[in-house]
Trainee: 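First, the structure itself, so that you have it in front of you.
Computed from a predicted structure; not experimentally measured. Just follow the structure's listing: the first ligand is 1, and inside any ligand the first atom is 1.
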Amino acid sequence: MRGSGQVTWLDNTAGNRPNFVTHLECSRTGKRHAAGRLHNLSEDGYPLLVRYDLERMAGAFTRETLAGRSADLWRYREMLPVTDAANIVSLGEITTPLITLGAIAGRLGTGRIDVKDEGRLPTGSFKARGITVAISMAKELGVKRVAMPTNGNAGAALSAYASRAGMESHVFCPEDTPEINIAETGLQGGRVYRVNGFINDCGKLVGDGKAAAGWFDFSTLKEPYRIEGKKTMGLELCEQLDWRVPDAIFYPTGGGTGLIGMWKAFDELERLGWLGPERPRMVAVQAEGCAPIVRAFETGLERAEPWQNASTVAAGIRVPAAIGDFLILEAVRESGGFAVAVTDEAIESARAKVASQEGLLLCPEGAATYAAWLKSLDEGRIDRRDHVVLFNCATGLKYPMPGCGETLDRHGRIDYQAMARPD
Ligand SMILES: *Cc1c(COP(=O)(O)O)cnc(C)c1O
């Protein structure tokens with residue numbers, strides 16, 4: 001039973017509920033792995049994907065089922081792997097808004113452009129979506145200690161949800177990870193280590209230490225349930241658009257869980273009969289200082305070569321090598337989309353522009369998607385009339401901002417008239 005101290009807005013409070021998971025499937029070989037057991041990568045070393053009995057689900061779960069449910073990601077509970085609602089570890093994963101950039105679209109004469117603002121989620125980033133589901137599953141499967149490498153936001157979400165679940169968490173980040181991520185991770189009860197290397201080097205430490213320290217490895221895509229949480233971005237977006245998809249989605253791509261998850265969501269929705277065969281073009285956005293997926297896309301490769309000396313202000317997408325690279329490239333290609341890189345200068349200028357013209361402060365990774373949209377318009381890769389959705393995956397408040405503000409001497413003469421902006 002859920003007692004006091006549990007979230008009360010969650011409406012699925014009553015014990016066991018139908019679970020439609022049939023098995024986990026190797027994303028490369030298709031080999032089946034049993035549900036209800038702890039897994040990292042598949043036997044052959046690839047990410048595992050959760051599979052459901054969608055036919056049976058279609059009989060029990062309809063679009064109408066959603067009508068009375070709370071506006072959070074647990075409204076799609078039938079499409080998620082948690083068996084016992086008592087295992088749900090939640091901090092209030094609300095439905096995030098679509099913010100239309102009306103002034104900019106009007107000025108540029110383009111079709112509708114929306115930002116899906118994931119910065120409203122607990123811990124200030126969409127990492128909460130993946131981690132709430134993954135920690136709930138870890139609780140269900142009896143995990144006590146978790147560890148992960150991170151560029152910041154995932155570690156912050158992990159420490160928050162692990163503490164809430166009464167688990168111990170260990171978070172390894174590159175030494176130049178934004179200070180705020182390190183502080184929030186530590187304050188929320190996780191042990192956080194600065195490592196002189198990139199996220200892949202941090203991942204190696206987790207791999208080396210997990211047997212000795214008794215950690216369950218929570219690395220991106222080495223844990224099969226985070227992607228199910230990220231999948232809800234696709235479910236939510238379709239529901240918000242009245243079960244339609246936009247023409248294109250611009251997604252800031254690091255490990256790619258969100259892009260792979262949304263692609264999976266569209267497929268499952270179609271098999272439930274909630275969506276037709278139409279798909280948005282999936283555009284993977286990276287920074288020029290770390291663009292392994294863009295390079296692989298352009299050279300026609302199925303997997304990406306690791307990027308050397310990765311560097312960008314957009315820390316969340318500074319991922320030199322992604323274990324799910326082939327899944328990202330597959331989704332991008334199947335969707336008729338593409339991969340595009342933008343400079344740090346374009347990112348900073350996009351951030352300033354959207355903030356000052358629309359009042360929406362993006363994170364650098366979110367700003368990268370705006371810069372990529374502009375670049376793609378310029379290059380004719382995106383139709384001007386297209387309805388485009390950009391993903392802003394964290395609150396802009398987490399990141400350094402340029403100095404602003406002027407000084408006033410309240411004892412001196414102040415020229416109030418000069419304060420008005422020229423028309
Ligand atoms: C983690 C992160 C990303 C990249 O997400 P993936 O799904 O792992 O590719 C993008 N933006 C922000 C702000 C992030 O924290």
Trainee: May I ask you to check if ligand 1 and Cys393 share an N or O to N or O distance below 3.5 Å?
Mentor: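 Checking ligand 1 against Cys393, no N or O pair falls under 3.5 Å apart.
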
Trainee: With only distance considered, is Ser125 within less than 3.5 Å of ligand 1 through an N or O on each side?
Mentor: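 So ligand 1 has no N or O lying under 3.5 Å from an N or O of Ser125.
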
Trainee: With no hydrogens and no angle check, is any side-chain donor or acceptor of Thr177 less than 3.5 Å from a backbone partner on Pro174?
Mentor: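 Looks like yes, one N/O pair under 3.5 Å.
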
Trainee: May I ask you to identify, for Tyr399, whether its side chain, its backbone, both or neither come under 4.0 Å of ligand 1 on a heavy-atom basis?
Mentor: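 For Tyr399, the contact with ligand 1 is made by the side chain alone.
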
Trainee: For ligand 1, is Thr253 a contact, meaning one of its heavy atoms is under 4.0 Å away?
Mentor: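 Checking ligand 1 against Thr253, which is what was asked, there is a heavy-atom contact under 4.0 Å.
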
Trainee: Under a 3.5 Å cutoff, is there a donor and acceptor pairing between the side chains of Glu228 and Tyr52?
Mentor: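 Looking only at side-chain atoms, Tyr52 and Glu228 do form a donor-acceptor pair, the distance falling under 3.5 Å.
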
Trainee: Heavy-atom pairs closer than 4.0 Å: do any link ligand 1 to the side chain of Asn153, the backbone, both, or neither?
Mentor: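 Within the 4.0 Å criterion, Asn153 contacts ligand 1 through side-chain atoms alone.
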
Trainee: With respect to atom 6 (P) of ligand 1, which of Ala394, Gly256, Ala284 exhibits the smallest heavy-atom separation?
Mentor: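 Answer by nearest heavy atom: Gly256.
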
Trainee: Any ion pair linking Arg244 and Glu278 (charged N to carboxylate O, less than 4.0 Å)?
Mentor: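 No.
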
Trainee: Among all protein heavy atoms in this structure, tell me which lies nearest to atom 7 (O) of ligand 1, with the distance rounded to 0.1 Å.
Mentor: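 Sorting protein heavy atoms by distance from atom 7 (O) of ligand 1 puts Tyr251 OH, 2.5 Å first.
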
Trainee: Would you confirm whether Arg351, through its side chain, and Ala367, through its main-chain N or O, come within 3.5 Å as a donor-acceptor pair?
Mentor: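 Judged by distance alone, no pair lies under 3.5 Å.
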
Trainee: Name the closest protein heavy atom to atom 5 (O) of ligand 1, giving the residue it belongs to and the distance to 0.1 Å.
Mentor: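 Looking only at protein heavy atoms, the one closest to atom 5 (O) of ligand 1 is Phe126 CZ, 3.3 Å.
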
Trainee: More than 12 heavy atoms of other residues, nucleotides or ligands under 6.0 Å from NZ of Lys375: is that the case?
Mentor: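 It does: Lys375 NZ has more than 12 such atoms within range.
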
Trainee: Enumerate the atoms of ligand 1 whose separation from the nearest heavy atom of Gly258 is less than 4.0 angstrom.
Mentor: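 By the 4.0 Å cutoff, the relevant atoms are 7 (O).
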
Trainee: Does NZ or CZ of Lys230 come closer than 6.0 Å to the centre of the six-membered ring of Phe126, within 45° of the ring's axis?
Mentor: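 Here Lys230 passes the 6.0 Å and 45° test against Phe126.
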
Trainee: Looking at Phe338, is Arg381 sitting on its ring face, NZ or CZ under 6.0 Å from the six-membered ring centre and within 45 degrees of the normal?
Mentor: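 Arg381 over Phe338 ring: yes.
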
Trainee: Considering heavy atoms of the protein only, find what lies nearest to atom 1 (C) of ligand 1 and give residue, atom and distance to 0.1 Å.
Mentor: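 Ranking protein heavy atoms by distance from atom 1 (C) of ligand 1, first comes Lys127 NZ, 1.4 Å.
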
Trainee: May I ask you to check if ligand 1 and Lys230 share an N or O to N or O distance below 3.5 Å?
Mentor: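 It does: an N or O of Lys230 is found under 3.5 Å from an N or O of ligand 1.
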
Trainee: Given 3.5 Å as the limit, does a donor-acceptor pair link the side chain of Asp344 with the main chain of Ala287, or not?
Mentor: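 No; judged by distance alone, with no hydrogens or angles, the pair does not exist.
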
